[in-house]
Amino acid sequence: DDFLSEFHRLDGRGVYTTDVCGICKIAKAEYCCKDCFSQEVVCNHCVVGSHAENPFHRIECWDGSSFSATTLKTLGLRIQLGHERGKVCSSPKKAYNDDFVVLHTNGLHEVGMDFCGCATSPLPYTQLLRSNLYPATVQNPRTVATMELLKQFQVLSFESKCSVFEFYPHHAARGLQKTWVTTMKPQCKAWVRKYAKPYPEVK
């Protein structure tokens, strides 16, 4: 019974029952990260600010009685490539149609991706590779897999002969809404086609 009670507690707000954000002490606390250790319930501004270096964490929003999935992109987080941390790009360029998907070890993430548009900036796919993100295409890339995910897939394919068609729905798509698991986004098909074929070893 104690274990069951604690499991139910984890589904709710836990010890974070106050409506005020515990970080800024001002705004309404309604967002929780399922991948951070504390899972503290904080405000929009604080959850975005604390995830600048962890843009692939899973965020949930409190609606008054339960949590439901949302995205850091929806909350306003933008991932800026081509510049050092803390530096602002003078000419950021959004991904094609501002529609960008990252396949990571904890699921698929719709993110706000900005490429560097400065005169000396490298091509978009090069900017992605330099950020440990492997693009499915070099022209108008809209889908990437993290190197961490590729290494995981590589180990599984070597040790258990797992194919990408088995890996995608049962691992990469976990943690998403049911519609995502059964309906593959068009740009994700490019990733599946790409990695269904032999690819260079990821070190």
Side-chain angles (χ1 to χ4, degrees), residues 3-81 83-89 92-95 97-115 128 131-133 142-149 152 169 171-185 187-188:
F3 278 80
L4 184 59
S5 296
E6 291 302 320
F7 288 149
H8 285 308
R9 185 186 185 88
L10 291 173
D11 288 334
R13 294 177 68 107
V15 298
Y16 305 103
T17 56
T18 178
D19 289 334
V20 180
C21 176
I23 298 179
C24 67
K25 312 295 184 182
I26 299 175
K28 184 178 180 181
E30 53 187 344
Y31 298 100
C32 173
C33 177
K34 304 306 293 183
D35 294 310
C36 286
F37 181 75
S38 70
Q39 296 192 10
E40 181 177 5
V41 184
V42 297
C43 69
N44 187 326
H45 177 77
C46 289
V47 75
V48 170
S50 62
H51 283 84
E53 297 300 314
N54 293 292
F56 309 138
H57 278 192
R58 296 167 297 166
I59 308 300
E60 293 187 346
C61 177
W62 181 255
D63 63 8
S65 60
S66 62
F67 281 103
S68 58
T70 186
T71 67
L72 285 165
K73 177 184 178 181
T74 300
L75 300 181
L77 180 66
R78 306 293 304 184
I79 301 174
Q80 178 64 61
L81 301 182
H83 290 271
E84 297 178 3
R85 179 181 178 182
K87 292 188 177 180
V88 178
C89 180
K93 292 185 177 180
K94 293 182 179 180
N97 285 340
D98 198 20
D99 183 16
F100 203 93
V101 175
V102 176
L103 290 84
H104 190 41
T105 55
N106 62 355
L108 272 67
H109 302 271
E110 289 187 274
V111 302
M113 184 67 72
D114 292 337
F115 296 103
L128 291 168
S131 298
N132 286 311
L133 300 173
R142 293 190 296 156
T143 310
V144 296
T146 63
M147 293 300 183
E148 185 179 354
L149 177 69
Q152 195 172 80
H171 186 84
R174 69 182 182 180
L176 300 169
Q177 298 178 3
K178 292 181 179 179
T179 53
W180 273 80
V181 178
T182 56
T183 306
M184 190 185 301
K185 289 204 74 174
Q187 60 265 44
C188 291

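Here the structure is a predicted model, which means the values were calculated and not measured. Residue numbers start at 1 and run along the sequence shown.
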Is the shortest side-chain heavy-atom distance between [X] and [Y] below 4.5 Å?
X      : Y      : value
Met113 : Lys94  : no
Val20  : Ile26  : no
Leu77  : Pro55  : yes
Cys21  : Lys28  : no
Asp99  : Glu110 : yes

Looking only at heavy atoms, what is the nearest atom pair of Tyr31 and Cys43, with distance?
->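 It is CD1-C, 3.8 Å.
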What is the minimum heavy-atom distance between Ser50 and Asn54, and which atoms define it?
-> O-ND2, 4.4 Å
Hits for side-chain contact (heavy atoms from CB on, under 4.5 Å) against Tyr16, two or more places apart or cross-chain, chain-then-number order -> Ser38, Glu40, Val41
With side chain to side chain contact (heavy atoms under 4.5 Å, CB included) as the test, would you mind laying out the steps for Leu103 and Val144 before giving the verdict?
-> CA-CA 6 Å; Leu103 290 84; Val144 296; over 6 Å; no
How would you list all residue pairs meeting ring pair (Phe, Tyr, Trp, His ring centres under 6.0 Å) that involve residues 57-78, not counting sequence neighbours?
->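 Those involving residues 57-78 are His51-His57, Trp62-Phe67.
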Among pairs that include at least one residue of residues 69-78, which meet side-chain hydrogen bond (donor to acceptor under 3.5 Å, both in side chains), considering only residues two or more places apart or in two chains?
-> Thr71-Thr74, Arg78-Asp98, Arg78-Asp114
Using the test salt bridge (Lys or Arg N to Asp or Glu O under 4.0 Å), find all partners of [X] that sit at least two apart in sequence or belong to another chain.
X     : value
Asp35 : Arg58
Lys87 : Glu84
Glu53 : Arg85

More than 12 non-hydrogen atoms from neighbouring residues, nucleotides or ligands closer than 6.0 Å to NE2 on His83, yes or no?
-> yes
Quick check for you: to the nearest 0.5 Å, what is the distance between [X] atom [atom1] and [Y] atom [atom2]?
X      : Y      : atom1 : atom2 : answer
Lys34  : Asn106 : NZ    : CG    : 13.0 Å
Leu72  : Cys33  : CG    : SG    : 7.5 Å
Leu81  : Lys93  : CG    : NZ    : 13.5 Å
Asn132 : Glu148 : CG    : CD    : 10.0 Å
Arg13  : Gln39  : CZ    : CD    : 13.0 Å

May I ask you to decide if the ring planes of Phe100 and Phe115 are parallel, tilted or perpendicular, using 30° and 60° as cut-offs?
-> perpendicular
Under the 3.5 angstrom rule, does the side chain of Ser131 hit a backbone N or O of Leu133 as a donor-acceptor pair?
-> no
